2 protein chains.
Amino acid sequence: MSTENARGPGGRSTVPNISDVAERAGVAIGTVSNVLNQPHKVTEATRVKVQAAIDELGFVRNRAARALAAGTSNTIGFVIIDLSNSFFLDMARGAEDEAEKAGMTVLLANSDLKDSKQTVYMNLFSEDRVAGILLAPIPNSFLVIDSAKAHNRRVVLLNDSLEAADSCCVMANNEHGGYLAAKHLIDLGRRNLVFAGGPDTLTPVHDRHMGAKRAVAETNGAVRLEYLPTREVTVVDGRRIGHAISSRSRARIPDGIIAAADLLALGIMQSILSETDIRVPEQIALIGYDNNRSAWDSHIPISTLSQPGFEMGRVATQLLLEEIRSPETHTHRRIILEPSLIARESTIGR
Amino acid sequence: MSTENARGPGGRSTVPNISDVAERAGVAIGTVSNVLNQPHKVTEATRVKVQAAIDELGFVRNRAARALAAGTSNTIGFVIIDLSNSFFLDMARGAEDEAEKAGMTVLLANSDLKDSKQTVYMNLFSEDRVAGILLAPIPNSFLVIDSAKAHNRRVVLLNDSLEAADSCCVMANNEHGGYLAAKHLIDLGRRNLVFAGGPDTLTPVHDRHMGAKRAVAETNGAVRLEYLPTREVTVVDGRRIGHAISSRSRARIPDGIIAAADLLALGIMQSILSETDIRVPEQIALIGYDNNRSAWDSHIPISTLSQPGFEMGRVATQLLLEEIRSPETHTHRRIILEPSLIARESTIGR
DNA sequence: TTGAAAGCGTTACCAA
DNA sequence: TTGGTAACGCTTTCAA
């Protein structure tokens, strides 16, 4: 039985290190480091010799030592408000995609809507001296980012500018999304619209509502827009709205509904279809927001606005990398990405 | 303008370190380290003094240095096959929950069904010398785990035993889930069952099918079970099956359907309800698998089997921690967790 | 209880 | 091109 890869004299479990490799290959430590990091600075012969030693020993670099000595890391930390929302997961994918091109990797931390977790993970990445931090924050959580900045970390914000924060940020244009949704229905000839969603204190929902209003305003009174608030944006909230609409007299039933989220739209549609013989989209055209899977999986696929999650992740990573590479010339930017309309059966029929 | 937190003489950006804190507090480095790690070994007076210095300087520990000096890390890496599947995300939540109790943190890496990403992240965590690795692997990817083990990392497998692997693993009992699903329908008096799903080469689906068969076999011929394979387990596959069933003569229509996944069940239900006047659950009882959100959000909520994702994450972390703490007495275990039946309107009505 | 000093495994620099 | 060696920031042991 070999003693390699086993326990050192201290009883502490041991893995081969650069010295072991150097010894085995009969070269100096610095040379091994060079074949690892600057292969071009080394003879092919020694490179091969060293590589052989590495393979035989099963050597793996120690990142801690590397980061310590080099003073830099090549990983990016991404603290995400809610991984169960595919919008945010898409951001993670975009970030990985972009980071990979730069030879960096992205580590994920799910704050799961909990302030405390967000704090823990931000601190973790600060202690880790990661190259930079991407943060899709919990609304109104300034302190955590101030603290990270104080610790000299570079952070880029996604989907929430946390107003005061002195960082780059990448946002989705919810106002424009709301505009596009309403415009879509108006272009389809709908004149009595409802905007369903809430609470209006939720910035994205509020912005979507404002956008819808703007589209309506452009018609100079030709189109009406009614606002039906909800507590949250779940299927259940949607059913409640759908039920309310179903109970109305024929004359007061809208011919177009903009839901602030797909789940809401789904609930609305379920209620209307089961409680009345109103047909979608003939009598009511319905559009949601988010491009949630439930929307295209529903029996009448629901039109929606697709958020640019992947793209946001990419752009945020680009900004972060730029800030890392040229900290002195870098100036913070705020980039706003547009959602795109996906028209499906619930508005345009088949 | 202060020079603290600015650039050191090397032009390299600098953060206060233990020495700075020690100097400021007028104590030795070792003392600072003690107030950080062994507060009880220090006078309250010095503790306060040092803490003050830490706060004033905005000092943050350097994890790389810590890990290097101590030879241990307190983070666990979790490489996950597919974060967009809530089953796996639940595992991550369970792992975090359990890790937190032990004062450890979990970093996530999404391999996104790509072998190459899985390899990259496994290596990353190996180089990181994390305390241990949790891996929900891509089927049949042995090499990656062999390599991690060779590098002396401890790994616990989730949801796939990768047969040969010499590790602990935590699995879900799909066979029993299939059994429970079929048993549920049989107990409800259904006699002509269909098991829908595939491909049968997919181990979990296959196991669920076997379980259903077992439940049927127990009835000694009182119940029939027909198998309708699909290519995948999507809503579209489900609609195809639903359509096929809808087209049958009355006599050949089953009174109970077990779908290998909720999305499948959803598609089946959509087709049947829209193409026929068959009622669910009166004429056909329908049960899915996974406890996917789409299942409880559908208009007739679909009965299902809930996978113990959260619990699997917890248990896996417990096993990992045990292996880390007592490597010599530890013996690998294989733990199988049971899914639980959630009966909803699609089988029991309202 | 506190201080001093020896590593931990790398990188980066300078001399050979 | 290679070798030797001083950091990197911390933990830990041993003396004081």
Side-chain angles (χ1 to χ4, degrees), chain A residues 7-50 53-54 57-74 126-129 151-152, chain B residues 7-50 53-54 57-74 126-129 151-152:
Chain A
R7 293 166 186 297
R12 176 169 164 176
S13 119
T14 258
V15 221
N17 61 20
I18 276 209
S19 316
D20 298 331
V21 174
E23 193 180 343
R24 177 99 168 205
V27 300
I29 287 183
T31 303
V32 176
S33 176
N34 276 336
V35 351
L36 253 22
N37 305 307
Q38 329 262 2
H40 60 274
K41 287 192 167 186
V42 148
T43 326
E44 177 64 9
T46 42
R47 204 194 59 67
V48 169
K49 202 167 49 181
V50 169
I54 288 177
L57 260 30
F59 164 79
V60 186
R61 289 148 121 117
N62 182 323
R63 288 196 136 233
R66 219 147 104 78
L68 184 58
T72 64
S73 152
N74 65 353
S126 282
E127 293 186 0
D128 241 344
R129 302 291 194 275
H151 297 341
N152 228 13
Chain B
R7 287 165 191 302
R12 175 167 165 178
S13 120
T14 257
V15 218
N17 62 20
I18 275 212
S19 315
D20 298 332
V21 174
E23 192 179 344
R24 177 98 169 205
V27 300
I29 289 184
T31 304
V32 176
S33 175
N34 275 336
V35 352
L36 254 22
N37 305 307
Q38 328 262 4
H40 59 274
K41 286 192 167 184
V42 150
T43 325
E44 178 63 8
T46 41
R47 205 193 58 69
V48 169
K49 203 167 48 180
V50 169
I54 288 177
L57 260 28
F59 165 77
V60 185
R61 288 148 123 117
N62 182 320
R63 290 195 136 234
R66 216 149 106 77
L68 185 57
T72 63
S73 152
N74 64 352
S126 282
E127 293 186 0
D128 242 344
R129 303 290 194 272
H151 297 342
N152 228 15

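Here the structure is a predicted model, which is why all the values come from computation and not from measurement. Every chain is numbered from 1, with letters handed out A, B, ... down the list of sequences.
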Quick one: [X] [atom1] to [N] [atom2], roughly how many Å, whole number?
X       : N       : atom1 : atom2 : value
L57(B)  : dG9(D)  : CG    : P     : 13 Å
D128(A) : dC8(D)  : CG    : C1'   : 16 Å
E127(A) : dT11(D) : CD    : P     : 10 Å
E23(A)  : dG9(C)  : CD    : P     : 14 Å
R66(A)  : dG9(C)  : CZ    : C1'   : 12 Å
R47(A)  : dT1(D)  : CZ    : C1'   : 15 Å
N74(A)  : dT11(C) : CG    : P     : 11 Å
L36(A)  : dT11(C) : CG    : C1'   : 11 Å

Please state whether the phosphate of [N], meaning OP1 or OP2, lies under 4.0 angstrom from any side-chain nitrogen or oxygen of [X].
X      : N       : result
T43(A) : dT2(D)  : yes
N37(B) : dT11(D) : yes
S33(B) : dC10(D) : no
N34(A) : dT2(D)  : no
N17(A) : dG9(C)  : yes

For this session: Using the closest heavy atom to pick a nucleotide of DNA chain C for each, name whichever of G26(B) or R129(B) lands nearer the 5' end.
Result: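 Residue closer to the 5' terminus by nearest nucleotide: G26(B).
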
Just call it for [X]: base, sugar-phosphate, or nothing, with non-hydrogen atoms closer than 4.0 Å on any strand.
X      : value
V32(B) : nothing
T46(A) : sugar-phosphate
V60(A) : sugar-phosphate
I29(B) : base

If you check every side-chain atom of [X], which of [options] has the closest atom?
X      : options                  : value
A65(B) : dC10(D), dA12(C), dG4(D) : dC10(D)
A28(B) : dG9(D), dG3(C), dT10(C)  : dG3(C)
V27(B) : dT2(C), dT12(D), dG3(C)  : dG3(C)
T31(B) : dT10(C), dT2(C), dG9(D)  : dT2(C)
N62(B) : dT2(C), dC10(D), dG3(C)  : dC10(D)

Evaluate the side-chain proximity of [Y] to [X]: yes if any heavy-atom separation is below 4.5 Å, no if none is.
X      : Y      : answer
L36(A) : I54(A) : yes
T46(A) : V35(A) : no
E23(B) : I18(B) : no
V60(A) : V15(A) : no

Seminar exercise, completed: Note: for K41(A) and G30(A) on DNA chain D, the residue whose nearest nucleotide lies more 5' is K41(A)

Problem set entry | Pairwise distance CG(N62(A)) to CG(L68(B)) - rounded to 0.5 angstrom | 6.0 Å

Seminar exercise, completed: Of all heavy-atom pairs linking R129(A) and R61(B), the shortest is NH1-O, 3.1 Å

